[in-house]
Structures are given as structure tokens and as C-alpha cells.
Amino acid sequence: MGDRFAGVTDTSRPRLLLIDGHSMAYRAFFALPVDKFSTTSGQHTNAVHGFISMLATLLRVEEPTHVAVAFDAGSTTFRTEALPSYKGTRDATPEPFKGQVPLIKEVLEAMHVPHLEKDNFEADDILATLSSQADALGMEVLVCSGDRDSLQFVNENVTVLYPVKGVSELARMTPEAVRTKYGVEPHQYPELAALVGETSDNLPGVPGVGPKTAAKWINQFGSLEQILDRSDEIKGKAGESLREHLDVVRLNRQLNHLLTDVELPFGPDDLKVQPWDREAMSTVFDALQFRTLRERLFAMHPAADDDENVGPSVDVTLEDLAPGLLEAWFAEHDQRPLGLDVAGRPVPAGGDAWALAVADGPASAVALDLTDLSDDDDRALGDWLSDPTRPKVVHGGKSVWHELASRGYSLEGVVFDTELAAYLCFPDQRSYDLGDLAERHLHRELTPLDTSNGDQGALDLAVGEDSEGGRLAVRAAALTDLAEVLRGELGDRSAESLLTDLELPLSAVLVHMERHGIAMDVDYLRELEQHFGELVAGAAGAAYEVIGREVNLGSPKQLQEVLFEQLEMPKTKKIKTGYTTDAAALADLFVKTEHPFLKFLLEHRDSTRLRQTVEGLLKSVADDGRIHTTFQQTIAATGRLSSTEPNLQNIPIRTEAGRRIRRAFVVGDGYETLLTADYSQIEMRIMAHLSGDEGLIEAFRTGEDLHNYVGSRVFQVETSAVTPAMRSKIKAMSYGLAYGLSSFGLSNQLNIDVKEASKLMEDYFTRFGGVRTYLAGVVDEARANGYTATIMGRRRYLPDLTSDNRQRREMAERMALNAPIQGSAADIIKVAMLGVEKEIAVRGLKSRLLLQVHDELILEVGHGELEELTALVREQMGSAADLRVPLDVSVGTGSSWHDAGH
DNA sequence: TCCAGCACGTA
DNA sequence: CGTACGTGCTGGAT
């Protein structure tokens, strides 16, 4: 009866990762600041951290099947016997580095990564031996080493990863890369090094001979041997110098030759990547006080990896169900949550669904053609779907809902959503494709569905290999297993409640909002399109006249030509492709030159933009005269929603012309009015709450204008004496602080000296010291924990906080400053949305939520419900969180979004 | 046809 | 050298 679906096994070649332990640890030591990586007992850990972090990245990015780390053993080798001063410069091992190598070995043991060392040999010899053995076995080899001698064994199968900067940036030294950089073949590198010398090994070369000369000689004579034999043919000073140092070169060559026949306890085959001993790792990491790194590693390799039972393939038993038997199948299988997957088009109002699969794990699954279902089965399916007591696991429930709605089904009883769960666990990913998740967490490969079209009626739902029904069933079967793994991941992060009590119920609210959409005044929108179109044409014509030719005003490239070549204006800020032509720069140029072209260009930009927005909206109006946006619930790493197709969260408001667009969003037939409700200064309130700064808290309790109040404290004047200029500086700074603004950035934005900006920030922090303490604390805590958290415990992992790349680290620091604030605001409005929706339902009101714009809700008000709804919305939004400051909500109403705004 | 880069709208 | 997003255009690569 059942049919087997074989998983796809990895057919790629085995890949061996070899690491030079000592050289990479040494690099890590110098890449990371010692003072930021020490345990409370005084043990330095920067080299350990950097090394393990690098190893983790390599394991993730390169996905080796085999791995080993080699260390130097003892201080004497056959090389020091030949030349006692060999590596003499390394005698002065820095004090804080000592003792870190044994710690690295401890971690490696816990990770079940073999490490090798052998008396009298260097790590390089071990690597060379393993590398040549693996190469002979047909393996792909990656050698991570900071020792250039290793370049000699690079070939088509062997790549050296050589640290460029710190240990986070590795250059892939392929044969091609070696040739490009050194001008010789990889196997000739030691000949070149013998001539040039190697300072890090304390090997002097031929004075006056650098890499360029050495490469030239090697290419000219073919080999080092020839160069030495025929050294008398080389003219000039360099030749003379060479002849005086023949012995040095010979010795160098003897020393930098790596052995490939060291006897080792393991061969490449014995180095298979093993599951980690997570308990042992926890113990070592606890001792080292590496909370971040532990989280990062465990997040990267979920617990499922340890489960030997999860193989690379899974067999799903797809039942060949005769018509009319669906009800019986459900009766037999819905004791526990069933996986549900649908093939369709998840468009709000206007979607479609053509096939569906339900699975009780891999044991039993059914696939259904929704276009051709018997009446009995249709009823059985509808009953099961709409029954809240029969639990389901879905992936992206919001989409599933839209798909099913197109065929008149409703969906209730979703107890787990793998997409939402994955988002809560790994919020920085950009997508949560079910196939990717199954691969990562279940080690199971899913064949993607054919999303091109439904080709209704011609569905291949036969029970057979590789049918669409089979693929759907495999996906549905993966859901319940994936849910179990992700439930564990959620537990590790204390995020179960965020899923169950926040995101999951919220997705139902979003479904309703998307389905309702917002009514548009299409005739008015067309007038606007016409109007803005005329403005565009006028501005373009005027601009062309000024410069005497027609260019594409929408092309930054052509504009640069006009501005900086034809009109010879002063250069603006540099960008990748030349000089910026953004609005700020153009405005700046206009102040300097007063050239009328700039004025027309800016007008053209504005009008084009507005016309574009209007056109986009017109195209999005559905048959019901409304726009149904899609709210993305798993995109923003901070926890915010986003809006697409179209984006209704960036409708203009700042300029009068822009606001006219908001008049096109209107109350729909059968409703009384639109209502907007927004939180005022919610982010600053959260800042006040989180920082506990008494001054800032007081500012909100007095009920005075926030920026005036803060301005009066910073500038030490009466509140009434705060000028608009002062107020706007304060406003920019207050918000800037929540984004990790620097004094440089502030000065840039306010067009003031860096000195003045620094002074401003200093004065601010003098009056609001709690804010400074908080901001510094956030970053420190995030560095220690590995993540930031919102007031509801939503985490954002920021591994780059310990990066040795300054740019990345500082970027992560700014994210760490912003994430708790932006994310807490997102949490709060989500809670408010649940409250509003629930209260509307409880009271049986007709009013409904339509849109959310981060700190604002837009509702459509049923007739006679305005007063009750206003109070309800105020109450729910105001009580969505219990902060040390009140949550202020302002409400407006009107027949358009513009009129309802404030 | 796809992609990077630029520009710009919102909170 | 201020966070979080989505969209549309250009121009070069494919």
C-alpha cells in the first residue's frame, strides 16, 4: 500500500579540514583584545575564544566531513637541531598567551575534534602528511594555517586558508591565488622563501632579494637548484649577494621542506566529524565564561545533531486512500498534532489552493487533490481543519490560511508554526524555507514543490515516487518532527511563550487584517497620478532647458556627469560609483551654487517618487476596491512586522504633497469612519523604562513636551526658553542614542562641529546619567550573553560583538543598542493588537483592525461603535505593558487616513 | 533576465 | 561613522 520516498544522500566528496593549532591560536591572540577576554579568576582567554570561534565558523561555512587540529610538540625538532636559532624570535611567548593552548585542547576534546602532535615535528609536518594522504584518497583538503610554508602543498585538491586580518578573514589560497600573489607555482614557494627568508621563523634570506626578484629568478632558471648552480650568470648586486649566501639558501630550503611521511596514529579516514559532547562543552565553556560562544555553537548545531536516529533520509508512508475514507483516516490519526502542508498561492483575498497533505509523522500521510474531492472527503477535511480541538502543525500558518480560505475552508487549532518558531530562535535569518530547516535540523532533504502554477485538474497525486502528492506528504511529515526539534530550541531560549501567547495568535490577527484590506478612493488616486505626472514633466522640461540637453534624471551615473563634469560643481560625499547625488547632497549643492538645475532636479525626484507611490497603490487595488497588503511576521530581526505588496508602512506623511496620498485611504462602505491610534514616543519611554533614569522618567510623568523638557535640562534654561532649534537638536540626539549614534554622526546630521556634538552629548549624559549607564551596560551584557533581549524576552543573537573586525563589531554594538528598544516597542504593540482584537470579539463589535505601522494602529469603525471602540483601543494599547512610565496613546478619527491622523 | 548599487519613503 | 524595513530604477553582466 505505502510508498517509499528515498531521501537524497550527499554525494559530494569527503572534505578534510586541517588546522595549524599553534599558528592560528597565536593569530587569534593578537587579533582580540586581552582585557576583554579574561575570566574572573584572571585566566586570559582571548586566544581560546578567537580560535574556537574561527573553528565554529569554518565548520559551519565549509561543512567539512573530516577535521583535525595539529599542534607543535616540545621545543626541539629536527630543524632546531640543524639550526639552533630556528624560530628563535618566538622564544618570547607573551605571558598572557601561555596556558591558552591546553585550554584550546580541552575544548577540542569536548567537541570530539582530534588534535595531533608529535615529538620532534612541527604542526606543519603533520598537516603536510595528512594532506598528502587525504589527497591520495581523493578527498578535498582545506588547510587553515598562518604559516606560509604550508603554501607548498597547495594543489587542485588542497586549498590553504591563510589569515589576512585577525582570524575572521581567511584568504583562499588556491594554486591560482598562489601564482597571482607570489608569481610562482605552489610547490616552488619554499624555493622562493629560501631566497627571501622568513622573519617569523627567524630565517634570514639573501640580503637585497625580495619576493619579486626571487620569483623572477625561479621563473628564469626553472628551479632553485638551477639558480644555485648557475648563480654566476646572475648580474648585479643581487647576484653578488646571492653568491655570498648560497649556504644560507641551502639551509633555508632544507628547513622549510615539509615532511609528508610523519608516522601518525590516525589517517584521514579516522578524522570523521563527530557529534559534540555538549555536556563536556558546557563544562569547559562555563569554566572559561564563554556564554556567547556556547550559545552560538549550540544554535549552529542544534541538539538533533546528537540524535543518531535521525538519518539523512526518511521514508514516508503515503496512503492510497479511496474516496470517502478520509474521515476514518482522521479518526485514526488525530490523537496527536498532525502536520499540514498546502500547495497553493498564499495571496490575501485572491489566493488559491490545489493540493494538501496531512501527515502523522512519517508513519502515515495522505495527499489530496483539492480540485477533485468527493463530497464526503470535503466535509471530513473541512471539519478537521475548522476544529480548534484537533491540533495541527503548519509552516507559515498565515499563508496556509489564505490558501485554504480560497476554497472556503477555515483553519483552527494550529498549535505550532515551524516558521514562527524558527524566526524566534534565529531572528537574523532572511528566510525560513521549510526545506532549509529540514536540512539543517532534521538532516533531511525535501524536494521543493512546483510553485509555478496549479495546473488544476492535471495534478499528479498518484501514490508514486516523485509525485507532487509525495513531495507534499514528505513536507507535511517533516513538520511534526521539526516542531519537536524547534520546541527544544525554543525551550533553550525561554521563547515558548513568545510563540504560543504572542506570535501564533498574532498571525491569526494578521490574517484578518490582510483579508479585510483597506478601502481606496481610486478616482482620487487617478487624479493624483495625473497631477504628479504633470509635475514630473514640468520639472524635467525645466531641468533640460537649464543644461541644454536631455539626460535621464533618474540615473545617478548621468547626473554625476552633468553635475561634476558639465557644471563643474564641488564634489559631494564619495560613494562606490563616484559621488553621491542624494537629496541631502543636492540640497547642500544648491546652497553653495544656487544653480537652478538642482532645484528642478529635486522637484523631479519628489514628484517622480510620489507618482511612483501612487502608481504602485493603483496597481494593488483588488477587485473589492481595497488594498490587501501582506504583513511579514518573520523578517525583521528586532521583532517588528514588515509590509509588502504593497508596503503600506512607508506611505508619505512628512510633506504636504505626500500627505495627499493618505487621503486616498478611506473608510469602506458599511463603516462609519477610520480611526488611528498611536503610541507617542514609545521608544523613548522604553529607554526611560529600561534605563531607569530618574530624569527621563520624570520627564514623562510631568506630561510636558518631552524634547522641551529634556532640552531645558541639557541647556539649563527654563522649559519655556527652549527654542525650536534647541528642541530639534535634542530630538535628533535622543533618538540617535537609541540607534548607537556617535558624536561624529550627530555632528554630521546637525551640521555642527564634532566638538559641539560631543559637548551636546556630554551635557545630555550629565543630566541623564542613567541613560549612559544603561547603554554601556546593554552592550556589555549582550557581549557576555551573546544576545540582547526585549522586555518580553525576545532575543537577538549578535555574535559579531566579539568579532576582531572593527567595522563588524561596531555595527553589532549599534544593533545591540537598538534591538531591545525597537524590539520592546514591537512586543508592546503586538500585545495591544491581540488585546484589541480579542476585546472587539468579546463585545461583538463590527469594527476591525486594518493596518499596523510600528507604533500606530488603523481601524475601521462600525456604525455607532466609535465611542466604545476609542475607549477600548486606548485601554488595550495603554495597558499592553507595565512600564515605569505611562504609555501615552493618541487617537484620531476621520473618513480618510489623512483626516484620521494627527 | 538577473543582480548590485543607489535613492528614498516610513517608524 | 544612526536602527529596522520595501520598492523601483539604472546599468552592467549574463
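Everything quoted here is computed from the prediction, not taken from an experiment. A, B, ... follow the sequence lines: proteins, then strands. Residue 1 opens every chain. Basis for what follows: all heavy atoms, side chains included, without hydrogens, waters or symmetry-related copies.
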N/O donor-acceptor pairs under 3.5 Å from side chains in residues 527-542 of chain A, not counting sequence neighbours:
unit_1: A:Q530; atom_1: NE2; unit_2: A:E534; atom_2: OE2; d: 2.9
unit_1: A:H531; atom_1: NE2; unit_2: A:R660; atom_2: NH1; d: 3.4

What does [X] touch in the nucleic acid at a heavy-atom separation under 4.0 angstrom: a base, only the sugar-phosphate, or nothing?
X      : value
A:R806 : nothing
A:E645 : sugar-phosphate
A:G736 : base
A:Q558 : sugar-phosphate
A:N748 : nothing
A:S743 : nothing
A:M733 : nothing

- With under 30° as parallel and over 60° as perpendicular, where do the rings of A:Y764 and A:F768 fit, or are they tilted in between? tilted
Heavy atom of [range] under 4.0 Å from DNA chain C: which residues?
range                       : result
residues 764-780 of chain A : none
residues 815-836 of chain A : A:M815, A:N818, A:Q822
residues 628-641 of chain A : A:I635, A:A636, A:A637, A:T638, A:R640
residues 607-614 of chain A : A:R609, A:Q612

Is a side-chain donor-acceptor pair under 3.5 Å present for [Y] with [X]?
X      : Y      : result
A:H516 : A:E860 : no
A:Q633 : A:E503 : yes
A:S642 : A:Q632 : no

- With sequence neighbours left out, write down each residue that passes side chain to side chain donor-acceptor pair (under 3.5 Å) with A:D888, or none if nothing qualifies. A:S680
- List in chain and number order the residues that pass side chain to side chain donor-acceptor pair (under 3.5 Å) with A:D780, two or more places apart in sequence or in another chain; answer none if no residue qualifies. A:R783
- Query: For the residue pair A:L817 and A:G740, what are the closest heavy atoms and their distance?
  - Reply: CD1-CA, 3.2 Å
- Note on the structure: Footprint ends on DNA chain B, 5' to 3', for atoms under 4.0 angstrom from a heavy atom of chain A, come out as B:dG5 to B:dA11
- Item | Pairwise side-chain contact, A:N552 with A:K557, heavy-atom cut-off 4.5 Å (strictly under) | no
- Rounded to whole angstroms, how far apart are NE2 on A:H854 and P on C:dA4? 13 Å
- note: A:L741, atom CG; C:dT3, atom C1'; distance rounded to Å ~ 11 Å
- Message: The criterion is ring-ring contact (aromatic ring centres under 6.0 Å, His included); which residues satisfy it with A:F665, sequence neighbours excluded?
- Response: A:W897
Quick test: give all pairs of protein nitrogen or oxygen and nucleotides 12-14 of chain C nitrogen or oxygen below 3.5 Å, distance rounded to 0.1 Å.
unit_1: C:dG12; atom_1: OP1; unit_2: A:K557; atom_2: NZ; d: 3.3

- Query: What's the spacing between A:T655 OG1 and A:D606 CG if we round to 0.5 Å?
  - Reply: 7.0 Å
- Query: Within the pair A:S643 and C:dC5, is there a side-chain N or O less than 4.0 Å away from OP1 or OP2?
  - Reply: no
- Quick one: is C:dG11 close enough that its OP1 or OP2 comes under 4.0 Å of any side-chain N or O from A:S555? yes
- Residues of residues 559-576 of chain A with a heavy atom under 4.0 Å from any atom of DNA chain B, listed by number, are A:I575, A:K576
- Task: Determine which pairs satisfy ring-ring contact (aromatic ring centres under 6.0 Å, His included) with at least one residue from residues 770-791 of chain A, sequence neighbours left out, and list them in order.
- Result: A:Y787-A:Y797
- Are A:D763 and A:R767 ion-paired here, with the side-chain N under 4.0 Å from a carboxylate O? no
